[in-house]
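The figures here come from the full heavy-atom set of this structure, side chains too, leaving out hydrogens, waters and symmetry mates.
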Amino acid sequence: MGVTSTSQPAVDRAQQLKQFEESKLGVKGLVDSGLTSLPPLFVHPPETISGLKPARPGPGSKPDSIPTIDLTGCDSDHRPSVIGEVARAARELGFFQVVNHGVPVEVLDGTIAAVKAFHEQPMEAKARIYRRQTETGVSFFSNVDLFHSKAASWRDTLQIRLGPKIADVEEIPEVCRHEVLEWNQQVQRLGGLLMGLLSEGLGLSPGKLQELTCLETRVMVGHYYPYCPQPDQTVGLTSHTDPGVITLLLQDQVGGLQVKRGDEWVDVLPIPGALVVNIGDILQIMSNDEYKSVDHRVLANPSREPRVSIAVFCNPSNRENQFGPFPELVSTDKPAVFRKFTFNEYMGKFFSKELDGKSLINFFRA
């Protein structure tokens, strides 16, 4: 199938979606079949693709990227300085990279290699867990919003529930099982450290976010972005904000992640050994708009080398708790910018819309 107009009849599109879903091939399966142009359901409208390009610095200038923060000395008298850097990045951009975070480089490399190995198995091995139901805690699919979005994006995903109760270990594919379990341990340690720094950056106690169960629900997504034959016609991941508290991202060296800064898109340049951290909508709300959850996207991959990234979304486990701005951050000078709501209500709204734009967080503004 070649590129056609995105205004194809709804019946044709529904049939194509059904065929793609039932094939269980994923996007990599399409690439492996030898296709040289995009199936119509992956072609995005002009308003999406018109501004898609890597951010290119001018001659002689350094490429613009997000702050990189050295976590060395977090448990020493250097901690106030690290807190200041983390809080500044969270307020100004909502994205930063961390180095010297305590995760061994062999664990980083092993996790990337294991997730890549899963996606590069024969189709039959992956098809066994191709599903949209999450009861087992393990699923493989292409596009979480496949049936709701205007156009599909060029990526496949392995999703695994890490907490509060980890997925059935036997369901986690053997090719990456050991590495996923190790990664979960590392994320719990580093996530706790980062939440402590972010809490203190708001003038709160270091345990504040964890007391609200914000690290307990963890979902891992291992994204695989294969070579795209027409990267100017589609995206790897549409522009969106993350709904949770914080996201920890491990990415390989291929690149393609971009963050919105003002009216410009900034490349998140891969740094060997670094992890990317971003603020989610819930933390923007709890911080009473002090911290920023910002739009980000992934370009379709023009490289023959696939891009692999592993994100862990950290969310509250107490879904009936009331969430809203911390009382300590509300005053007559700075009234509450958001109303209170339960996490169940919040996530219900999230999954009823496409992965694009800031309309969700605005829904909860006071």
Ring pair (Phe, Tyr, Trp, His ring centres under 6.0 Å) partners of F42, counting only residues at least two apart: F20, W154
Applying ring pair (Phe, Tyr, Trp, His ring centres under 6.0 Å), name anything that partners F118, two or more places apart in sequence or on another chain.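 F118 satisfies ring pair (Phe, Tyr, Trp, His ring centres under 6.0 Å) with F140 only.
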Donor-acceptor check, side chain of [X] to backbone of [Y], threshold 3.5 angstrom: yes or no?
{"X": "D156", "Y": "K28", "value": "yes"}
{"X": "R155", "Y": "G236", "value": "yes"}
{"X": "T213", "Y": "N318", "value": "yes"}
{"X": "D267", "Y": "S65", "value": "no"}
{"X": "Y225", "Y": "S309", "value": "no"}
{"X": "D168", "Y": "T136", "value": "no"}
{"X": "H296", "Y": "D242", "value": "no"}
{"X": "H44", "Y": "K150", "value": "no"}
{"X": "N315", "Y": "T217", "value": "no"}
{"X": "R88", "Y": "E92", "value": "no"}

Assess the residue pair E305 and K116 against the criterion (salt bridge (Lys or Arg N to Asp or Glu O under 4.0 Å)); give the C-alpha distance rounded to whole Å, side-chain angles, the decisive distance to 0.1 Å, and a yes or no. CA-CA 11 Å; E305 176 67 23; K116 185 180 183 198; 3.2 Å; yes
Quick one: [atom1] on [X] to [atom2] on [Y], what's the gap to the nearest 0.5 Å?
{"X": "N143", "Y": "L17", "atom1": "CG", "atom2": "CG", "answer": "9.5 Å"}
{"X": "I285", "Y": "R339", "atom1": "CD1", "atom2": "CZ", "answer": "9.0 Å"}
{"X": "S239", "Y": "Q258", "atom1": "OG", "atom2": "CD", "answer": "10.0 Å"}

Tell me whether V99 shares a hydrophobic cluster with W183, the cluster being built from Ile, Leu, Val, Met, Phe, Trp, Tyr side chains joined at under 4.5 Å. no
Please give me the minimum heavy-atom distance between [X] and [Y], naming the atom from each residue.
{"X": "L35", "Y": "P39", "answer": "CD1-CD, 3.5 Å"}
{"X": "N301", "Y": "S303", "answer": "OD1-N, 2.9 Å"}
{"X": "R307", "Y": "Q251", "answer": "NH2-OE1, 2.9 Å"}
{"X": "A87", "Y": "G201", "answer": "CB-CA, 3.8 Å"}
{"X": "C176", "Y": "L158", "answer": "SG-CD2, 3.9 Å"}
{"X": "Q159", "Y": "V219", "answer": "CG-CG1, 3.7 Å"}

Would T72 and D70 count as having a side-chain donor-acceptor pair, cut-off 3.5 Å?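 Looking only at side-chain atoms, D70 and T72 do form a donor-acceptor pair, the distance falling under 3.5 Å.
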State whether the number of non-hydrogen atoms from other residues, nucleotides or ligands found under 6.0 Å of [X] atom [atom1] is greater than 12.
{"X": "K18", "atom1": "NZ", "result": "no"}
{"X": "K334", "atom1": "NZ", "result": "yes"}
{"X": "E264", "atom1": "CD", "result": "no"}
{"X": "E47", "atom1": "CD", "result": "yes"}

S153 vs L237, test: side chain to side chain contact (heavy atoms under 4.5 Å, CB included). Steps then yes/no. CA-CA 6 Å; S153 300; L237 185 59; 5.6 Å; no
Evaluate side chain to side chain contact (heavy atoms under 4.5 Å, CB included) for N278 paired with L249, printing each intermediate quantity in order. CA-CA 8 Å; N278 66 280; L249 178 80; 5.5 Å; no
Take L190 and V277 through the test side chain to side chain contact (heavy atoms under 4.5 Å, CB included) and record every step on the way to the result. CA-CA 11 Å; L190 182 57; V277 182; over 6 Å; no
Evaluation steps, side chain to side chain contact (heavy atoms under 4.5 Å, CB included), between V266 and F95: CA-CA 11 Å; V266 176; F95 260 81; over 6 Å; no
